[in-house]
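These notes concern the structure reproduced below.
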Protein chains: 2
Amino acid sequence: MRTVEKALRLLDLFDDQHPDLGLSELARLSGVDKATVLRMLNDMAATGLVEQDTQTRHWRLGAGLLRLARLREAAFPVSRVLTPILEHLAQATGETAHASLLAGRDLGTVGVAESTRPTRVSLDPGLVLPLHATASGIAFTAFARPDLREQVLARTLSGVTHATPTSRAALSDLIAQAQARGYALADQTFESEVYGVAMPLFGPDGHAVGALAVASPSSRISDAHLKTIVTTLAPAAKEATLAMGGRIPATLKIVL
Amino acid sequence: MRTVEKALRLLDLFDDQHPDLGLSELARLSGVDKATVLRMLNDMAATGLVEQDTQTRHWRLGAGLLRLARLREAAFPVSRVLTPILEHLAQATGETAHASLLAGRDLGTVGVAESTRPTRVSLDPGLVLPLHATASGIAFTAFARPDLREQVLARTLSGVTHATPTSRAALSDLIAQAQARGYALADQTFESEVYGVAMPLFGPDGHAVGALAVASPSSRISDAHLKTIVTTLAPAAKEATLAMGGRIPATLKIVL
DNA sequence: AAACGGCGGTGTATATAATGAACCGGACAA
DNA sequence: TTGTCCGGTTCATTATATACACCGCCGTTT
């Protein structure tokens with residue numbers, strides 16, 4: 001693998017449960033030699049992508065990320081545009097809403113508005129959504145650039161739950177359904193007891209760049225509830241696409 | 001230079017004025033061969049640090065940054081803690097307030113609250129503040145870990161304006177003044193017509209991790225105005241440090 | 001105390017991965 | 001047509017990343 005990519009993969013080892021990691025820990029998790037990992041970390045620290053706790057000597061994501069993210073937001077205000085949409089969506093459906101954008105090989109969560117109900121779906125901050133195992137991923141892939149879609153289909157698909165599609169045929173079916181309906185449904189394909197409804201967000205070229213989704217406890221899903229979610233989600237996704245400067249393809253149809 | 005660092009330096013070529021850049025442009029600006037730059041960009045795109053516009057083929061900062069920044073914020077809520085403090089500071093002083101954290105070799109702006117006055121200081125999003133040329137940088141360096149301070153003093157100091165300290169002695173003086181006063185003053189050392197007042201933000205080990213600053217048009221600075229700024233900034237900086245889990249060294253004194 | 005194991009970090013010979021010059025096809029201008 | 005600049009590709013050369021062995025340190029166990 002390319003060295004730069006290997007180094008950047010280290011960043012993905014940090015998550016909600018592991019906000020800081022030691023050198024040996026990072027080496028073990030990444031399967032790379034300690035000495036190499038240390039050099040990579042120092043290189044990344046030089047630009048603020050990671051930083052080291054002076055006391056524990058552990059590493060964490062750096063303040064440079066905040067600066068770069070702000071810079072991106074200034075040019076392409078995504079979070080700012082999505083936040084009110086997500087909040088309205090959560091309020092109107094009573095369920096947790098989230099938005100994600102393609103970041104590398106998967107979707108990265110860039111905004112969440114939680115439901116206020118006592119039982120609700122809760123998402124870890126910065127969660128990565130696999131393209132084949134989530135409603136968001138399916139909705140995105142169904143409307144992504146064809147070459148990208150083909151890449152996803154060609155991947156070896158890891159099973160996450162019992163309902164995760166692991167064969168090319170199964171995934172292809174789900175994608176076809178999403179293309180026909182204009183949105184994707186996923187019952188416990190990523191997280192048990194979670195039912196996801198997702199619609200694609202489009203870029204200026206009319207291909208998907210991300211997804212807008214509502215996640216509900218599976219137990220609360222009924223035909224009526226599903227209908228509410230879909231009819232609320234549709235205008236929200238449209239608004240989000242337009243606000244981000246995207247173009248909705250003329251062929252898109254939302255089928256209840 | 002290390003390959004990873006060279007690749008990450010490409011990220012710093014994006015700024016407020018240049019939100020997207022072409023391949024040749026990046027190669028020219030970085031002084032690296034096109035082929036190499038392209039490989040680096042592709043590696044960074046694989047983790048979402050950058051992304052390519054499908055139409056213009058230009059590159060911009062990627063959505064992965066948003067995810068990683070959110071992840072960092074979840075573990076170390078910096079922006080969220082600083083925003084209300086900055087807003088209060090801007091309101092109480094009538095001037096633009098900003099916060100920055102060490103990110104690599106310099107301070108990266110992580111929060112801004114603009115003054116509402118007709119004449120005010122405006123900061124580019126994601127601005128990088130050199131340690132030797134800004135009030136924030138001096139305040140930070142004065143209270144940073146001694147070895148880091150020594151590194152800064154050992155650097156070749158580039159002049160930004162006529163007032164920028166460029167000799168080790170001049171910088172050393174400014175640092176000593178800041179240490180004695182508990183804050184730094186900088187009259188047009190970075191941007192002409194801008195007067196900066198900055199206090200350090202401390203980490204858990206009692207050394208500076210960033211700075212909180214108020215930037216005023218030089219023309220508006222008077223003894224009374226300066227006094228207002230300092231007396232408003234002091235409790236704000238203290239609050240910010242504590243809210244971020246930092247420890248204020250017992251030796252710190254604020255001298256009006 | 002002594003021995004141990006894990007930690008963060010360093011030095012260096014080896015081998016792998018980064019490099020850049022030359023090149024391609026396409027878009028646009030003169 | 002010719003020329004120029006663009007994004008992108010190829011491939012021989014070589015500079016750079018790599019991993020092993022090793023260091024000192026610290027806390028726990030024996």
Side-chain angles (χ1 to χ4, degrees), chain A residues 1-14 18-62 104 145-148 150-151 203-205 207, chain B residues 1-14 18-47 49-62 102 104 145-148 150-151 203-205 207:
Chain A
M1 199 195 292
R2 315 245 100 81
T3 307
V4 174
E5 194 181 338
K6 226 183 304 180
L8 297 179
R9 287 252 175 274
L10 293 174
L11 297 176
D12 291 331
L13 298 175
F14 297 92
H18 309 90
D20 59 359
L21 297 166
L23 172 61
S24 299
E25 216 165 351
L26 284 161
R28 225 178 297 119
L29 290 169
S30 63
V32 180
D33 189 89
K34 253 194 323 177
T36 304
V37 169
L38 183 61
R39 250 179 348 93
M40 290 170 171
L41 287 170
N42 279 325
D43 287 357
M44 292 196 285
T47 45
L49 254 58
V50 298
E51 58 193 25
Q52 190 173 26
D53 189 302
T54 50
Q55 317 205 314
T56 64
R57 306 238 124 201
H58 281 203
W59 299 82
R60 58 167 178 257
L61 297 175
R145 289 213 325 276
D147 60 320
L148 184 53
E150 184 45 45
Q151 278 176 37
D205 63 354
H207 288 122
Chain B
M1 199 195 290
R2 314 245 101 79
T3 307
V4 175
E5 195 181 338
K6 228 183 302 180
L8 297 179
R9 287 252 176 277
L10 292 175
L11 296 176
D12 290 331
L13 298 175
F14 297 92
H18 309 91
D20 58 0
L21 297 166
L23 172 61
S24 299
E25 215 164 353
L26 284 161
R28 226 177 297 120
L29 290 168
S30 63
V32 180
D33 189 89
K34 254 195 322 178
T36 303
V37 169
L38 182 60
R39 252 177 346 95
M40 289 169 171
L41 287 169
N42 280 324
D43 287 356
M44 293 197 284
T47 45
L49 253 58
V50 297
E51 60 194 22
Q52 190 174 25
D53 189 301
T54 50
Q55 319 206 313
T56 65
R57 305 237 126 201
H58 281 201
W59 298 83
R60 59 167 176 255
L61 296 174
L102 183 67
R145 290 212 326 277
D147 60 321
L148 184 52
E150 183 46 45
Q151 278 176 37
D205 63 354
H207 289 122

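Each chain gets a letter, A, B and so on, in the order its sequence line appears, and its residues count up from 1.
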Problem - Gap separating the CD atom of Gln151(B) from the CZ atom of Arg145(B), nearest 0.5 angstrom - result: 8.0 Å
Handout entry: pair Glu5(B)-Asn42(A): side-chain heavy atoms closer than 4.5 Å
Key = no
Exercise for the section: Could you tell me the separation between the CG atom of Leu38(B) and the CH2 atom of Trp59(B), rounded to the nearest 0.5 Å? Expected result: 6.0 Å
Practice task
Answer whether the closest heavy-atom distance between the side chains of Leu13(A) and Leu21(A) falls below 4.5 Å.
Solution key: yes
Practice task
Give the rounded distance in Å between these two atoms: NE2 of His58(A) and C1' of dC7(C).
Solution key: 9 Å
Practice task
Return the minimal non-hydrogen interatomic distance between Ser24(A) and Lys34(A), and the atom names on each side.
Solution key: OG-CD, 3.8 Å
Problem - Distance in Å, Arg57(A) CZ paired with Asp20(A) CG, rounded so as to fall on 0.5 Å steps - result: 14.0 Å
Exercise for the section: Could you run through nucleotides 9-21 of chain C and give me one letter per nucleotide, 5' to 3': B if any protein heavy atom sits under 4.0 Å from the base, S if only the sugar-phosphate is that close, - if neither? Expected result: BBB-----SSBBB
Set out, line by line, the N/O atom pairs under 3.5 Å between protein and nucleotides 28-30 of chain C.
none

Completion exercise
Between CG of Asp20(B) and C1' of dG7(D) the distance, given in whole Å, is 15 Å
Completion exercise
For Val37(B) and Ala27(B), the nearest pair of non-hydrogen atoms, with its separation, is CG2-CA, 3.8 Å
Practice task
Starting at CG of Asp43(A), measure out to CG of Leu10(A) and round the result to the nearest 0.5 Å.
Solution key: 11.0 Å
